[in-house]
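Scroll down for the structure; my scribbles are underneath it.
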Amino acid sequence: MKILAFGKIAEIVGNEVLIVDNFPNTEILRGYLYHQYPALEHMKFTIAVDKKLTSGESHIPMDVEVALLPPFSGG
Amino acid sequence: MKILAFGKIAEIVGNEVLIVDNFPNTEILRGYLYHQYPALEHMKFTIAVDKKLTSGESHIPMDVEVALLPPFSGG
Amino acid sequence: MKKQRTAKNIFVNGAISPEKIAQSIANHASKTDIGGHSIFLGQVRADMKEEGMVKAIEYTAYEDMALQQAFEIREAIFAKYPLTCMHIYHSLGEVKVGEICLFVFTSSKHRKAAMEACEELVERIKKELPIWGKEIIDNENSAWKVNT
Amino acid sequence: MKKQRTAKNIFVNGAISPEKIAQSIANHASKTDIGGHSIFLGQVRADMKEEGMVKAIEYTAYEDMALQQAFEIREAIFAKYPLTCMHIYHSLGEVKVGEICLFVFTSSKHRKAAMEACEELVERIKKELPIWGKEIIDNENSAWKVNT
């Protein structure tokens, strides 16, 4: 699956797009990310699934866009 | 004394400046105006003395500017 | 020492142009402690009255008193909110339907102060400044505007 | 039949110019049922950070999601307030200190609706749109902006 990374998270993971195995839900994805990029454990970020914000453990359907969003700071 | 008239009041009194005898206070002035211009009795207006709004019976010093102000409608 | 402000002229002959507003915004680019601007613009509406359709408003004012009142309002708003800048412009004379007759502009470091100050300024300007609008009707009638 | 609105692009490359704002205001002169416009402008501040002085903010966004969110916010605000018009513009890329990065513009028959809607829009834009500002510091450092 394809994961988009934004802002400070893109800097930490060193990329704006990650190609990873499929993960069934956001908690398992989060565990994977913390393992791969330990610096993320100290960061607040939200996972968007199909361009919608999620919280807690949310199902990740196949073939949808997943994105890692640090706190917004527009305006 | 000189009295400035604005807005609809200037239309009713037919002038933007009235020259009248001195009046000691705003209530006596008001009585005079109602007598001279009966249409004013049906109008809401405030008397400004020296560019300050007055209410009730207010003293009119000599040689200050007096003005008749219908409800404001700026903006 | 506190900066001493003096009464500024707020009156503009005729409509306030979008270019004047743009210039006023551009003038603030050098004030790099500003984070937010709040602007209110009053525009003349083509209201339908008993007498007919409004095509313009003709503004008159008791100018000396209005400037003095505007100065007092400015000082009160500056004392109440942490503002960087505040500007007030009001038209005199004829302003046609669709044109701008009032331009209120506040700036501050953080947005809340600018927004709240702008809103309070507009309310006070409408209530407290001795300005009158005469609605010019398309059939050559007229009616005095009433603020609500 | 209710007018169907579709998602509009809100993004502008680089700073939003005062001329664009003037043009947007001028475009409303033909809407003669408008009595008041409320405008909020966000301007980049020269804040002093631990890392040094901010000289610009570089904006990025999750554009697809931001446009979808902006559309939903627009619809909610149109449903809540009797507005005639609503416009939102946000910069992407670099915006220098003193330049405008956010332009929110609401118009209504009576002033209250425009003012309240504008304020609510600004709050929601800052809180809900996936946009990030990276503060560029004059010594070539940078820091991620934090909304408060």
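Note that this is a predicted model, so its numbers are computed, not measured. Reminder, nothing fancy here: chain letters follow the sequence lines and each chain counts from 1.
Counting heavy-atom pairs under 4.5 Å between each of C/Ala22, C/Gly36, C/Gly35, C/Ala46 and chain D puts C/Gly35 at the top.
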Short donor-acceptor separations (under 3.5 Å), chain D to chain C:
unit_1   : atom_1 : unit_2   : atom_2 : d
D/His28  : O      : C/Gln43  : NE2    : 3.1
D/Lys31  : O      : C/Gln43  : NE2    : 3.3
D/Thr32  : O      : C/Ala46  : N      : 2.8
D/Gly35  : O      : C/Gln43  : N      : 2.9
D/His37  : N      : C/Leu41  : O      : 2.8
D/His37  : O      : C/Leu41  : N      : 2.9
D/His37  : NE2    : C/Gln43  : OE1    : 2.5
D/Ile39  : N      : C/Ile39  : O      : 2.8
D/Ile39  : O      : C/Ile39  : N      : 2.8
D/Leu41  : N      : C/His37  : O      : 2.9
D/Leu41  : O      : C/His37  : N      : 2.8
D/Gln43  : N      : C/Gly35  : O      : 2.9
D/Gln43  : OE1    : C/His37  : NE2    : 2.6
D/Gln43  : NE2    : C/His28  : O      : 3.1
D/Gln43  : NE2    : C/Lys31  : O      : 3.3
D/Arg45  : NH1    : C/Lys109 : O      : 2.8
D/Ala46  : N      : C/Thr32  : O      : 2.8
D/Lys109 : O      : C/Arg45  : NH1    : 2.8
D/Arg111 : NE     : C/Glu123 : OE2    : 2.9
D/Arg111 : NH2    : C/Glu123 : OE1    : 2.8
D/Lys112 : NZ     : C/Glu119 : OE2    : 3.0
D/Glu119 : OE2    : C/Lys112 : NZ     : 3.0
D/Glu123 : OE1    : C/Arg111 : NH2    : 2.8
D/Glu123 : OE2    : C/Arg111 : NE     : 2.9

* In sequence, state the C-alpha distance, the side-chain angles, and the governing distance for C/Met48 and C/Val54, and then conclude on side chain to side chain contact (heavy atoms under 4.5 Å, CB included). => CA-CA 6 Å; C/Met48 187 47 111; C/Val54 173; over 6 Å; no
* Step by step, would you call C/Ile57 with C/Cys101 a side chain to side chain contact (heavy atoms under 4.5 Å, CB included)? -> CA-CA 9 Å; C/Ile57 293 182; C/Cys101 57; over 6 Å; no
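Atom CZ of D/Phe105 is separated from atom CD1 of D/Ile21 by 10.0 Å, given to the nearest 0.5 angstrom.
For the pair C/Ile10/C/Leu67, a side-chain contact is recorded, criterion being any heavy-atom separation below 4.5 Å from C-beta on. No side-chain heavy atom of C/Ile16 sits less than 4.5 Å from a side-chain heavy atom of C/Leu41. At a threshold of 4.5 Å between non-hydrogen side-chain atoms, the residues C/Val104 and C/Ile39 do not count as touching. Between D/Ile125 and D/Ile88 the shortest side-chain heavy-atom distance falls below 4.5 Å.
There is no contact between C/Leu102 and chain D, counting heavy-atom distances below 4.5 Å.
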